[in-house]
Protein chains: 2
Amino acid sequence: MDNIVKIFKALSDPNRVRIVQMLVNKTLCVCEIQEILNLSASTVSKHLSILKESGFLVDEKSGKWVYYRLNTNTNDLAIKQLMLLLPLYLNDDNQILSDKGKLNIACKDELCCI
Amino acid sequence: MDNIVKIFKALSDPNRVRIVQMLVNKTLCVCEIQEILNLSASTVSKHLSILKESGFLVDEKSGKWVYYRLNTNTNDLAIKQLMLLLPLYLNDDNQILSDKGKLNIACKDELCCI
DNA sequence: ACATCATTTCGTTATTTAACGAAGTGATTG
DNA sequence: CAATCACTTCGTTAAATAACGAAATGATGT
């Protein structure tokens with residue numbers, strides 16, 4: 001019960017839902033996510049730790065950077081299914097579309113890291 | 001986005017998850033739910049209104065009583081799927097099993113209403 | 001009509017949450 | 001080795017949430 005409630009709590013904030021959707025088929029470092037969300041680094045870090053703690057994300061250090069990606073290898077059924085279902089619910093969400101658009105530009109122009 | 005976040009927020013409280021699971025294949029009045037959760041009537045009423053507002057429940061007045069049940073006729077894909085998936089995640093949860101046990105006894109003995 | 005019962009609404013309190021900036025950590029670069 | 005960069009942790013503040021009891025609402029039964 002605690003586990004499933006923690007999972008739903010993780011998804012009950014719009015900025016965290018945006019993060020999860022940004023990371024579909026992508027690996028991003030904290031500063032890229034910060035750029036899109038337009039929040040302070042500490043706030044973004046906190047959101048990422050909640051998503052990691054609940055099982056949605058894994059991180060990987062590489063030099064100065066910490067990269068986050070979806071925990072696609074999870075054994076948790078709820079996490080696995082919700083990661084698949086979320087995009088269906090948010091495919092046509094303007095915020096999510098806008099985030100993805102910005103991300104592509106940001107990547108092309110190397111807006112943030114490297 | 002607001003809609004899906006509202007849905008996850010509704011499920012991000014253990015008492016509300018318990019309510020949803022109690023109502024699987026059952027219709028219950030507020031006082032029965034109150035009996036199981038062991039919370040004040042006003043608190044239970046608030047939880048029910050959040051679940052109703054987010055689309056999980058519908059209510060029906062009948063005399064003195066208000067009956068709540070799952071909104072199985074919803075058009076909302078997320079609500080529909082989450083109602084199906086939740087029991088899979090909580091099948092072996094002790095709290096949920098205990099609630100269902102108490103509910104059967106309560107119904108037999110007409111512990112609460114009627 | 002009146003008392004009672006089931007439920008909701010209101011006002012309050014304690015806890016949790018989201019946000020920030022400042023300070024701390026650890027790796028990289030000059 | 002000092003400065004910088006990416007990120008996290010800490011401490012604070014404002015807002016949201018969960019809980020309660022008291023009062024309001026609305027139907028039932030006497």
Side-chain angles (χ1 to χ4, degrees), chain A residues 1-2 5-20 22-23 27-54 56-69 95 106-107 110-114, chain B residues 1-2 5-20 22-23 27-54 56-69 95 106-107 110-114:
Chain A
M1 169 70 90
D2 290 353
V5 167
K6 189 193 269 189
I7 286 169
F8 287 129
K9 230 182 250 287
L11 296 180
S12 71
D13 177 277
N15 288 317
R16 288 196 290 270
V17 170
R18 288 171 70 187
I19 291 173
V20 171
M22 280 182 223
L23 292 174
T27 294
L28 296 171
C29 65
V30 181
C31 57
E32 287 174 300
I33 295 166
Q34 188 193 337
E35 188 70 27
I36 305 293
L37 293 182
N38 201 27
L39 293 172
S40 76
S42 61
T43 301
V44 172
S45 180
K46 179 70 178 161
H47 281 312
L48 287 167
S49 81
I50 289 169
L51 286 168
K52 183 184 164 189
E53 182 64 26
S54 63
F56 282 100
L57 307 186
V58 290
D59 62 352
E60 193 183 348
K61 245 164 260 217
S62 169
K64 274 195 283 197
W65 295 278
V66 178
Y67 290 96
Y68 282 87
R69 56 187 167 76
Q95 180 74 81
C107 284
E110 300 166 352
L111 208 157
C112 169
C113 316
I114 297 207
Chain B
M1 171 70 90
D2 290 354
V5 168
K6 190 192 267 189
I7 286 169
F8 288 128
K9 228 182 252 286
L11 297 180
S12 70
D13 177 277
N15 288 318
R16 287 196 291 269
V17 170
R18 289 171 69 186
I19 291 172
V20 171
M22 279 183 224
L23 292 173
T27 294
L28 297 171
C29 65
V30 181
C31 57
E32 286 173 301
I33 296 167
Q34 187 193 339
E35 187 70 27
I36 305 292
L37 293 182
N38 202 27
L39 292 172
S40 75
S42 61
T43 301
V44 172
S45 180
K46 179 69 177 161
H47 282 312
L48 288 166
S49 79
I50 289 169
L51 286 168
K52 183 183 163 189
E53 183 63 26
S54 61
F56 282 100
L57 307 185
V58 289
D59 62 352
E60 194 182 348
K61 244 163 262 218
S62 170
K64 273 195 280 195
W65 295 278
V66 178
Y67 290 97
Y68 282 88
R69 55 188 168 78
Q95 179 74 80
C107 283
E110 301 166 349
L111 207 157
C112 168
C113 315
I114 298 195

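Everything quoted here is computed from the prediction, not taken from an experiment. Chain letters run A, B, ... following the sequence lines, proteins first, then strands; residues in each count from 1.
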Are any non-hydrogen side-chain atoms of [X] and [Y] less than 4.5 angstrom apart?
X     : Y     : value
A:R18 : B:M1  : yes
B:L57 : B:R69 : no
A:S62 : A:Y67 : yes

Please check the phosphate of [N] (OP1 and OP2 only) for any side-chain N or O of [X] closer than 4.0 Å.
X     : N      : result
B:H47 : D:dA19 : yes
A:Y68 : D:dT8  : yes
A:T43 : C:dA19 : no

Calculate the interatomic distance between [X] atom [atom1] and [N] atom [atom2]; express it in whole Å.
X     : N      : atom1 : atom2 : value
B:N15 : D:dC20 : CG    : C1'   : 14 Å
A:E35 : D:dC5  : CD    : P     : 15 Å
A:E60 : D:dT8  : CD    : P     : 14 Å
A:N38 : C:dA18 : CG    : C1'   : 15 Å
A:E32 : D:dA6  : CD    : P     : 11 Å
A:L37 : C:dA18 : CG    : P     : 13 Å
A:L28 : D:dC7  : CG    : P     : 11 Å
A:W65 : D:dT4  : CH2   : P     : 17 Å

Next item on the list: Dump the intermediate steps for side-chain contact (heavy atoms from CB on, under 4.5 Å) on A:V44 and A:H47, then the final yes or no.
Entry: CA-CA 5 Å; A:V44 172; A:H47 281 312; 5.7 Å; no

For the pair [X] (side chain) and [Y] (backbone), establish whether a donor and an acceptor sit closer than 3.5 Å, ignoring hydrogens and angles.
X     : Y     : result
B:R16 : B:A10 : yes
B:K52 : B:V58 : no
B:S40 : B:T43 : yes

Note to self: Could you work out how much the helix from C:dA1-D:dT30 to C:dG30-D:dC1 bends, comparing the axis of its first five pairs with that of its last five, to 10°?
What the structure shows: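 End-to-end axis angle for the helix from C:dA1-D:dT30 to C:dG30-D:dC1: 10°, rounded to 10°.
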
Can you pull every protein N or O that's under 3.5 Å from an N or O on nucleotides 14-17 of chain D?
none

Note to self: What's the closest nucleotide to the side chain of A:V30 if the choices are D:dT9, D:dT8, C:dA19?
What the structure shows: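 That would be D:dT8.
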
Next item on the list: Among D:dC7, D:dA19, C:dC10, find the nucleotide with the atom closest to the side chain of B:L39.
Entry: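 So the nucleotide nearest the side chain must be D:dA19.
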
Checklist line | B:S45-B:S42 side chain donor-acceptor pair, cut-off 3.5 Å | finding: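 Result is no, nothing qualifies.
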
Notebook entry, point to check: Can you find an N or O donor on one side and an acceptor on the other, under 3.5 Å apart, linking the side chain of A:S40 with the base of C:dG21?
Noted result: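 Flag unset: no donor-acceptor pair detected.
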
Notebook entry, point to check: A:M22 and A:L37: which non-hydrogen atoms are nearest, and at how many Å?
Noted result: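 Looking at all heavy atoms of both residues, the closest pair is CE-CD2, 3.5 Å.
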
Next item on the list: Quick one: closest heavy-atom pair of B:L39 and B:Q34, and the distance?
Entry: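 Where B:L39 meets B:Q34 most closely, the heavy atoms are O-CG, 3.0 Å.
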
Note to self: Please encode protein proximity along nucleotides 24-29 of chain D as a string of B, S and -, counting only heavy-atom distances under 4.0 Å.
What the structure shows: ---SS-

Check: For atom CD of B:Q95, is the number of surrounding heavy atoms from other residues, nucleotides or ligands below 6.0 Å larger than 12?
Finding: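 Buried by this count: over 12 neighbours within 6.0 Å.
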
Checklist line | Distance in Å, A:C29 SG paired with A:K61 NZ, rounded so as to fall on 0.5 Å steps | finding: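 Those atoms lie 14.0 Å apart.
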
Notebook entry, point to check: Which sits closer to the 5' end of DNA chain C, A:S42 or A:S12, going by the nucleotide each is nearest to?
Noted result: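 First, find each residue's nearest nucleotide; the 5'-ward one identifies A:S12.
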
